[in-house]
There are 2 protein chains.
Amino acid sequence: MAEERLQHGTLSDELGFLLARANSVSLAAGNEALAPHGLRGRSYSVLAVVADGARPTQRELADFLRLDPSQIVAIVDDLEGRRLVQRRQDAADRRARIIVATAEGERVFAAARESALAAERTAHPGFADEDRASAIALLRTLAFPEP
Amino acid sequence: MAEERLQHGTLSDELGFLLARANSVSLAAGNEALAPHGLRGRSYSVLAVVADGARPTQRELADFLRLDPSQIVAIVDDLEGRRLVQRRQDAADRRARIIVATAEGERVFAAARESALAAERTAHPGFADEDRASAIALLRTLAFPEP
DNA sequence: TATTGTTATACTCTATAACTATA
DNA sequence: TATAGTTATAGAGTATAACAATA
């Protein structure tokens, strides 16, 4: 197969390319696993933060997930329309909306998370459990670079 | 800042989320660095494979970069229009087009690669050189999962 | 003045299907 | 029948600017 021949080129030494390809593999598997729950990668991420009880504002979600605030509006509109999350007024700052999960939102998230983690394992076989912790630590340094 | 508080949630244990965020950080820095060369992440990747002398067909590029064949058409059209690559007939299979770099394409790639690697370093500070080799190895297993 | 959420818009990327020419 | 490249189209994701309410 051609892939093997091309794998030894200069691109395979670039973080950017490897991250893009690994993300593509992961996202394809993730979207497929999340579809039965009516979610995609982005809406799953929003629901995950909210179901965690973090009570984030939309702005905090945008910063954390690296999505534009206007994208958060659309995602929260969708999730709210399906009664999975609610917008609450922030008592301290009346401009801000705090997003919380409904009981149904927590149930959907718990089921979706099972599917997502299973998909992660099948999408990345040969990725041993003992590697996982160090891999997560490494990816955190790439995902949250220190200024 | 809110980011620190949210960083301890369940999402930060998921490969998919960390890959998506790391890729977002990397891509933003990469696109900015490549813009002066008239390239973006995807066209840079195509040019990189071709400038390597790999002589891939468009189908091989699609598989390797995980882009749809129709996307390769558009990217090669763009690069060919700017005289950075050429389409060649494959003598063995007249359906296939082999993509090769022009001398100008090799020059543009060499300059772009300098910018891309520099951007990689600034986008991911605290990512020590001694870590890099093992990180690359790890990301390869995520980017090219064994079937 | 600056920030939060919102609306609007344009552009890029992704996914699919169909067509042609070759195998 | 199947594959390589191409065209077309729709949907998802990204980026920017402007606005009202509030700080």
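We name chains A, B, ... by the order of the sequence lines, and we start the count at 1 in each one. Worth saying up front: this structure is predicted, and the values here are computed from it rather than measured.
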ask   = Of all residues at least two apart in sequence or in a different chain, which pass the ring-ring contact (aromatic ring centres under 6.0 Å, His included) check with Phe127(B)?
value = none
Pairing residues for [X] by the salt bridge (Lys or Arg N to Asp or Glu O under 4.0 Å) criterion, not counting sequence neighbours:
X         : answer
Glu120(A) : Arg132(A)
Glu106(A) : none
Arg55(A)  : none
Asp78(A)  : Arg82(A)

key: Nucleotide range of DNA chain D lying under 4.0 Å from chain A heavy atoms   =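 Nucleotide range in contact with chain A: dA12(D) to dA23(D).
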query = Linking Ile, Leu, Val, Met, Phe, Trp and Tyr by side-chain heavy atoms under 4.5 Å, what else ends up with Val100(A)?
reply =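 Under the 4.5 Å side-chain rule, Val100(A) groups with Ile98(A).
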Other cluster members, Leu27(A) - Ile/Leu/Val/Met/Phe/Trp/Tyr, side-chain contacts below 4.5 Å =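 Result for Leu27(A) is none, singleton.
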message = Suppose we screen for side-chain contact (heavy atoms from CB on, under 4.5 Å). Which residues come up paired with Ala62(B), at least two apart in sequence or across chains?
response =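 In terms of side-chain contact (heavy atoms from CB on, under 4.5 Å), with neighbours along the sequence ignored, Ala62(B) is linked to Pro69(B), Ile72(B).
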key: Heavy-atom side-chain contact between Tyr44(B) and Leu11(A) under 4.5 Å   = yes
With 3.5 Å as the limit, what N/O pairs link the protein to nucleotides 5-10 of chain C?
residue: dG5(C); atom: OP1; partner: Gln58(A); partner atom: N; Å: 3.1
residue: dG5(C); atom: OP1; partner: Arg97(A); partner atom: N; Å: 3.0
residue: dG5(C); atom: OP1; partner: Arg97(A); partner atom: O; Å: 3.3
residue: dG5(C); atom: OP2; partner: Arg59(A); partner atom: N; Å: 2.6
residue: dT6(C); atom: OP1; partner: Arg87(A); partner atom: NE; Å: 3.4
residue: dT6(C); atom: OP2; partner: Gln58(A); partner atom: OE1; Å: 2.9
residue: dT6(C); atom: OP2; partner: Gln58(A); partner atom: NE2; Å: 2.8
residue: dT6(C); atom: OP2; partner: Arg87(A); partner atom: NH2; Å: 3.2

ask   = Of all of residues 23-47 of chain A, which get a heavy atom below 4.0 angstrom from DNA chain D, listed by number?
value = Arg40(A), Arg42(A)
inquiry  = By the ring pair (Phe, Tyr, Trp, His ring centres under 6.0 Å) test, which pairs, at least two apart or in different chains, include something from residues 73-93 of chain B?
reply    = none
task = Using a heavy-atom cut-off of under 4.0 Å over every strand shown, decide if Asp90(B) touches base, sugar-phosphate, or nothing.
result =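 Counting heavy atoms under 4.0 Å across all strands, no contact is made by Asp90(B).
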